[in-house]
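In what follows, residues are counted from 1 in the order of the sequence shown. Start at 1 and go down the list; that is how both ligands and their atoms are numbered.
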Amino acid sequence: MNQTSSVYDCTIIELDKHHHEKGNISVVENKRTIPFEVKRVYYLYDVPGGESRGGHAHKELSQLIIAASGSFTVTLDDGNVKRTFMLNRPYQGLYIVPGIWRTLDDFSSGSVCLVLASHKYDEKDYIREYDEFIKSKKNNEL
Ligand code: TYD
């Protein structure tokens, strides 16, 4: 039987934070800070109030999600357990393993959701139907 991923495999990672009176810097380095190599960076911004993003799972993709500015919530679901994280600190990232359904809500005005991803964009890596996600989890395929 395959080992399926769980929301407990997903964690908040504390990023390096360099304090300076002129402003702060946080750093992410491949493999040292996060357990994967970043192949793609994208960011969500100008998300209208009340809007929800995500609503899908990935088959292979690992991600680190950072509230680079402002705040939002990320709800993770492994088909069995749900966990919700409020992200509002630019020096913390939420590490999400493959096989987890995620939904992003409650974006504050002006918030920026920075995403570091382990693979290039590939629509075939997405599961966008919740029923299909649950079926794959039940069959230990994800
Ligand atoms: P999607 O990942 O579904 O958005 P979210 O999870 O933030 O709600 O992406 C929305 C669309 O953006 C997708 O259908 C195609 C495009 N897109 C790219 O072309 N490249 C990318 O790296 C990403 C993340 C999205």
Side-chain angles (χ1 to χ4, degrees), residues 1-20 23-142:
M1 188 190 285
N2 293 329
Q3 180 74 44
T4 71
S5 57
S6 138
V7 291
Y8 297 111
D9 300 323
C10 303
T11 52
I12 294 286
I13 294 180
E14 295 287 328
L15 309 178
D16 288 351
K17 184 171 60 168
H18 301 279
H19 273 295
H20 196 281
N24 302 328
I25 297 179
S26 282
V27 182
V28 179
E29 283 183 8
N30 279 341
K31 291 184 179 159
R32 183 178 65 83
T33 324
I34 47 176
F36 62 87
E37 196 166 336
V38 176
K39 298 258 176 61
R40 176 169 52 118
V41 175
Y42 63 93
Y43 42 98
L44 306 177
Y45 55 97
D46 289 348
V47 178
E51 198 54 76
S52 181
R53 300 295 302 253
H56 55 74
H58 287 282
K59 296 174 188 168
E60 304 284 344
L61 194 73
S62 297
Q63 290 168 305
L64 187 78
I65 298 189
I66 301 167
S69 184
S71 64
F72 49 85
T73 60
V74 184
T75 301
L76 304 181
D77 176 359
D78 60 18
N80 190 30
V81 176
K82 287 185 185 172
R83 290 176 82 191
T84 296
F85 297 84
M86 214 269 262
L87 299 186
N88 62 356
R89 298 191 170 103
Y91 52 87
Q92 290 181 337
L94 177 61
Y95 169 54
I96 307 181
V97 298
I100 303 291
W101 190 269
R102 90 287 313 279
T103 313
L104 287 75
D105 293 288
D106 302 328
F107 288 88
S108 68
S109 173
S111 59
V112 178
C113 170
L114 177 63
V115 184
L116 313 186
S118 64
H119 293 78
K120 291 184 179 169
Y121 175 75
D122 177 6
E123 186 57 37
K124 293 194 293 298
D125 188 66
Y126 283 73
I127 298 179
R128 293 191 182 273
E129 297 298 327
Y130 191 70
D131 289 352
E132 185 192 339
F133 168 71
I134 292 297
K135 204 170 139 201
S136 297
K137 290 306 256 186
K138 287 217 164 87
N139 291 336
N140 294 314
E141 294 163 356
L142 200 59

Is the distance from the ring center of Y121 to that of Y126 below 6.0 Å?
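Close enough - the centres of the two rings lie under 6.0 Å apart.
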Less than 6.0 Å separating the ring centroids of H58 and H56?
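Centroid distance H58-H56: below 6.0 Å, so yes.
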Quick one: sort the W101 and Y130 rings into parallel, tilted or perpendicular, breaks at 30° and 60°.
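Taking Y130 first and then W101, their aromatic rings stand perpendicular (interplane angle over 60°).
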Can you list every protein residue that has a heavy atom under 4.0 Å from any atom of ligand 1, sorted by chain and residue number?
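Its neighbours under 4.0 Å (heavy atoms only) are R40, Y42, L44, R53, G54, H56, Y121, Y126, R128, given by chain and number.
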Is any side-chain heavy atom of S71 less than 4.5 Å from a side-chain heavy atom of M86?
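Yes, close enough: below the 4.5 Å cut-off.
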Does L64 reach the side chain of F36, with side-chain heavy atoms less than 4.5 Å apart?
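Answer yes - side chains close enough.
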Judged by atom type as modelled, is there a donor-acceptor pair below 3.5 Å linking the side chain of S26 to the main-chain atoms of D16?
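Answer holds: yes.
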